[in-house]
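Remarks on the structure that follows.
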Amino acid sequence: MTDERDAEAEERLHDVLSSDALAAAPLLLGAIVSRVGDDGERVAVRITEVEAYLGERDPGSHAFRGRTPRTAVMFGPGGHVYAYFSYGMHICLNVVCGVDGVASACLLRAGEVVEGADAARRRRLATRRARPGAPLRDRDLARGPANLAAALGVSLADSGLPIDRPPYSLELPDAPVDAASIVRGLRVGLSAPGGLDPFHWRFWIDGDPTVSAYTPHRTVREAGRSEL
DNA sequence: GTCGAGATTATCT
DNA sequence: GATAATCTCGACC
């Protein structure tokens, strides 16, 4: 890639990441995120599923109840990593969006490993007990947010790192994913007091086998109409 | 293919 | 001490 194209891509990336998460989320589909792990191995993932979190306006967001040491990164400028710990062993990887002072982030839920599959598999097996006779399929390497983070070797200490500087990199696709093949729906794993998460802020590439199967149809059914 | 239950720990109140 | 942006497995269709 020439320097000129580099500069152009960098500017485009900056534009996307400084808009709010809801606008940025569909544009991140098809992007390639990579990270060089402590073992020196680079793993790259093509993003196929994301969720948008709008901070203080969004009851589902960690930032909803204000700024805490953990969520401080989310209130910063876009283009940084927000890594958080959830449910014991799981680390999830977010890309902070928006301008400084506004909490907004995209959770990377799933992707397809396009480079470093061996390293990704090694890391997955190291963080999870492997059962004999149940090999880890390629398509499952980065399927699910915690799995994606594990494949990339994300650690909690990564919070606050720029997403487009080593050990990370982020490249948007040459052209945005066709709107016709983008599906949106309810976010996963959220419940609001007295009801379900009301926002259809989860985006994924229709039919892609690496999109997480963890999609309770019940949630979608009971949610009724879409309001966005 | 869908559905339900349990595991597990950093962070906040 | 309660909570949480989840995953896996086993049971069933």
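The sequence lines fix the lettering, A, B, ..., with proteins before strands; numbering per chain opens at 1.
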Note to self: Closest approach to the side chain of A:L156, judged atom by atom: which nucleotide of B:dA10, C:dT8, C:dT6 is it?
What the structure shows: B:dA10
Item checked: A:S61 (side chain) donor-acceptor with A:D58 (main chain) under 3.5 angstrom -> no
Next item on the list: Indicate whether OP1 or OP2 belonging to C:dC7 is found under 4.0 Å from a side-chain N or O atom of A:H90.
Entry: no
Next item on the list: May I ask which nucleotide in the shown strands pairs with C:dT3, Watson-Crick or G-U wobble, both distances under 3.5 Å?
Entry: B:dA10
Item checked: Atom pair distance, as rounded to whole Å: CZ in A:R137 and P in C:dT8 -> 10 Å
Next item on the list: Report the distance from atom OH of A:Y82 to atom P of B:dT11, rounded to the nearest whole Å.
Entry: 9 Å
Margin query: Could you see if A:L125 belongs to whatever hydrophobic cluster contains A:L152? Use Ile, Leu, Val, Met, Phe, Trp, Tyr and a side-chain cutoff under 4.5 Å.
Written below: yes
Next item on the list: Could you state the atom-to-atom distance from OH of A:Y53 to P of C:dA4 in whole Å?
Entry: 13 Å
Note to self: The test is side-chain contact (heavy atoms from CB on, under 4.5 Å); show your working for A:V183 and A:E49 and say whether it passes.
What the structure shows: CA-CA 9 Å; A:V183 188; A:E49 184 182 0; over 6 Å; no
Item checked: Rounded distance in Å - CD1 (A:I91) to C1' (B:dT8) -> 13 Å
Margin query: Rounding to an integer number of Å, can you tell me how far A:R202 CZ sits from C:dT6 P?
Written below: 11 Å
Next item on the list: State whether the distance check finds a donor on one side and an acceptor on the other, under 3.5 Å, for side chain A:Y84 versus base C:dA5.
Entry: yes
Notebook entry, point to check: Within the structure shown, what part of the strands sits under 4.0 Å from A:F64 by heavy-atom distance: base, sugar-phosphate, or nothing?
Noted result: nothing
Next item on the list: Would you please confirm or rule out a distance under 4.0 Å between OP1 or OP2 of B:dC12 and any side-chain N or O of A:T68?
Entry: yes
Check: NE2 of A:H62 versus P of C:dA2: gap in Å, rounded?
Finding: 19 Å
Next item on the list: List the steps and the verdict of side chain to side chain donor-acceptor pair (under 3.5 Å) for A:H62 and A:Y82.
Entry: CA-CA 11 Å; A:H62 287 164; A:Y82 168 51; 3.0 Å; yes
Check: Does A:R143 put a side-chain nitrogen or oxygen below 4.0 Å from OP1 or OP2 of C:dT6?
Finding: no
Checklist line | Rounded distance in Å - CG (A:L93) to P (C:dT6) | finding: 15 Å
